[in-house]
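The structure appears below as structure tokens.
Computed from a prediction, not measured in an experiment: that's the story for all the values here.
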Amino acid sequence: MYALVDCNNFYVSCERVFNPALRDRPVVVLSNNDGCFIARSEEAKAIGLNMGAPAFKSRELLREHHVAVYSANFALYGDMSARVMKTLDDFAPDIEIYSIDECFLDFSGFGRFDLEKYAHEIRRKVRRNTGIPVSVGIGATKTLAKAANRMAKKNPALGGVSIILSQPQVHAALEAMAVEHIWGIGRQYAALLHNHYIHTALDFASAPVPWVQKNLHITGVRVQEELNGQSCLPLELVRSPKQTICTSRSFGRAVTSREELQHAVAHFASRCAFKLRTEGSRASLITVFASASSYADREQRYRGTQSVSIPEASSDTMLLVKVAERALESIYREGYQYKKAGVMVSAIGSNCEPEQLSLLLFDTDPSPAKQERAGQLMQAVDALNARYGTGTLRVASDNVSGWKSRQERLSPRYTTRWSDILEVKA
DNA sequence: TCTGGGGTCCTAGGACCC
DNA sequence: TCTGGGGTCCTAGGACCC
């Protein structure tokens, strides 16, 4: 048995914790560069502000309804998430943090408990500890717990808790759920299913397995089994190291100069190197991409991508920046209005794996002593940045001034920066 | 003026091996 | 008339998730 705890309108709820005046008001949170809606309060949904829709198209609506608009404040949301997860950890022997606002709880053997009461206690405790409202769904499999959670959210009469365990409960829940709302069924598969007269989760659960295998492959078969109460998605207790790491941003304004693009790429490469070090990993393939607006006229569109592999996996900022800048050289074209760029690192291995013998490349001295020093330098850099703030110490080419994403409605980092709190007080 | 930023898994098909 | 029968590895692309 599993429970899925999901924070309600998480980013909006985070903003409301620190600004109670936002309660009962329509509130939205925008994506990076203040582009799209990525979180909406119930009031904002009711007005017709859609998930993922570009904000500039709804400017009238926003003004008309006095909607409170915020730039995404991931420092705040990440910290609030950690507090929610810490609270949930006390409620089950094992938990899986599935996303920034969702957590699966292992409820194996919890059948003898009063689950309804227990779920409400979870809600009460998270609310008291963090101020964040959550919904709880309980089912025999993760997919059923997901479905239950959706019901809890959609039906206010349930008080934020939904349990689908008995056969009639499961039957009724699946019958009421459209296929496109099943976890693991996206737009494409939903369209295919509807074309074959499979409209509800119940229809899908009883569809012929060979047909599902043929058209939705093994992942679709698993979803089907999960709906039928057979668990095939176990709780993932340890997160395996990432296989790819990507840092990319849309620019606050169009960038045309090679130099500013270099600054951006150096910044993204530095972030990737830092993320690698946080994971205890190293990468040996670096991919750089830069693109002009994909909404521009056809002749003004451009997207360049270049990958460079290095002979020895690394998480050294200086090396990755150097390699990324070289990759950028080969894709930069004069005369385009660049709107976005990014760096991706892959072919990732663990720090613990034995190193290959170095080759004399990239004019870096590969002697073990120098590598050792480079590692120590990165440790020192990370320690200083952790203490004094990201970006305190960085390579000179890592410069955000020319291209920085728009963040015009950013709230203070209430829980992670003293300086931001002092600002609030002032 | 203005449209996010991350990830995962699976499959098909080609190159290559003996 | 007829043209083997296994494998593995890699990559691109398509689906999905938040």
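- Atoms CZ (Arg222(A)) and C1' (dC16(C)) sit 13 Å apart, rounded to a whole Å.
- For the C1' atom pair drawn from dG4(B) and dC17(C), the interatomic distance equals 15 Å after rounding to whole Å.
- For dT1(B), the base has a donor-acceptor partner in the side chain of Arg59(A) [N/O atoms by modelled type, under 3.5 angstrom].
- Residue Arg239(A) is out of contact with every strand shown, counting any heavy-atom pair closer than 4.0 Å.
- Put simply, CZ on Arg249(A) is 15 Å from P on dT3(B), counting in whole angstrom units.
- At the heavy-atom level, Leu216(A) lies nowhere under 4.0 Å from the strands shown.
- Nearest nucleotide to the side chain of Gln243(A), out of dT3(B), dG7(B), dT8(B): dT8(B).
- Pairing for dC17(C) is with dG6(B), a Watson-Crick or G-U wobble pair whose two hydrogen-bonding atom distances lie under 3.5 Å.
- Nearest to the side-chain atoms of Cys246(A) among the listed nucleotides dG5(B), dG7(B), dC18(C) stands dG7(B).
- Across all strands, Thr244(A) comes closer than 4.0 Å only to sugar-phosphate atoms, never to a base (heavy-atom distances).
- Listed nucleotides dC2(B), dC18(C), dG4(B) differ in distance to Cys36(A); the shortest reach to its side chain belongs to dG4(B).
- Toward the 5' end of DNA chain B, the nearer of the two residues Lys275(A) and Lys57(A), judged by each one's closest nucleotide, is Lys57(A).
- Computed from coordinates, the Leu193(A) CG to dA15(C) P distance equals 13 Å when rounded to whole Å.
- Counting to the nearest Å, the P atom of dC17(C) and the CD atom of Glu102(A) are 11 Å from each other.
- Counting heavy atoms from C-beta on, the side chains of Leu144(A) and Leu174(A) come closer than 4.5 Å.
- Distances from the side chain of Gln188(A) to the nucleotides dG5(B), dT8(B), dC16(C) place dC16(C) closest.
- For the OP1/OP2 pair of dC2(B) and a distance below 4.0 Å, the side-chain nitrogens and oxygens of Lys340(A) include no atom meeting the criterion.
- Thr247(A) comes within 4.0 angstrom of sugar-phosphate atoms only, judged by non-hydrogen atoms across all strands, and of no base.
- Taking the six-membered ring for Trp and the full ring otherwise, the centers of Trp183(A) and Phe104(A) sit less than 6.0 Å from each other.
- Results of the side-chain contact (heavy atoms from CB on, under 4.5 Å) test with Cys7(A) over Val12(A), Asp101(A), Val126(A) single out Asp101(A) as the only residue that passes.
- Nucleotide dG4(B) holds its P atom 13 Å from the CZ atom of Phe37(A), rounded to whole Å.
- dT3(B) has its base stacked against the ring of Tyr295(A), the centroids being under 5.5 angstrom apart at an interplanar angle below 30°.
- Here the shortest heavy-atom pairing between Ile310(A) and Ala283(A) reads CD1-O, 3.7 Å.
- The residue among Phe74(A) and Pro241(A) whose nearest nucleotide of DNA chain B is located toward the 5' end is Phe74(A).
- Contacts of Asp34(A) with the nucleic acid, taken as non-hydrogen atoms under 4.0 Å apart, are absent.
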Exercise for review: Please step through salt bridge (Lys or Arg N to Asp or Glu O under 4.0 Å) for the pair Glu225(A) and Arg222(A), ending with a clear verdict.
Suggested key: CA-CA 5 Å; Glu225(A) 286 183 358; Arg222(A) 278 188 209 133; over 6 Å; no

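- dT11(C) is paired with dA12(B) under the Watson-Crick or G-U wobble criterion, all donor-acceptor distances under 3.5 Å.
- Between dG6(B) and Ser248(A), a contact under 4.0 Å exists linking OP1 or OP2 to a side-chain N or O.
- In this entry the distance linking CG of Leu285(A) with P of dT11(C) reads 9 Å, nearest Å.
- Distances were taken from every side-chain heavy atom of Asn32(A) (C-beta onward) to each of dC10(B), dG5(B), dC9(B); the shortest belongs to dG5(B).
- Rounded to whole Å, atom P of dC9(B) lies 13 Å from atom CH2 of Trp183(A).
- Side-chain proximity of Lys242(A) to the nucleotides dT3(B), dG4(B), dG7(B) is greatest for dG7(B).
- Counted within 6.0 Å of CG on Asp94(A), heavy atoms from surrounding residues, nucleotides or ligands total more than 12; the atom is thus considered enclosed.
- Aromatic pair Tyr70(A)/Tyr11(A): ring centres not closer than 6.0 Å.
- Using a 4.0 Å heavy-atom distance criterion, Ile100(A) is classed as making no nucleic acid contact.
- Atom CG of Asn50(A) is separated from atom P of dT3(B) by 18 Å (rounded to the nearest Å).
- Here dA15(C) is the nucleotide among dC10(B), dA15(C), dT8(B) with the atom lying nearest to any side-chain atom of Tyr189(A).
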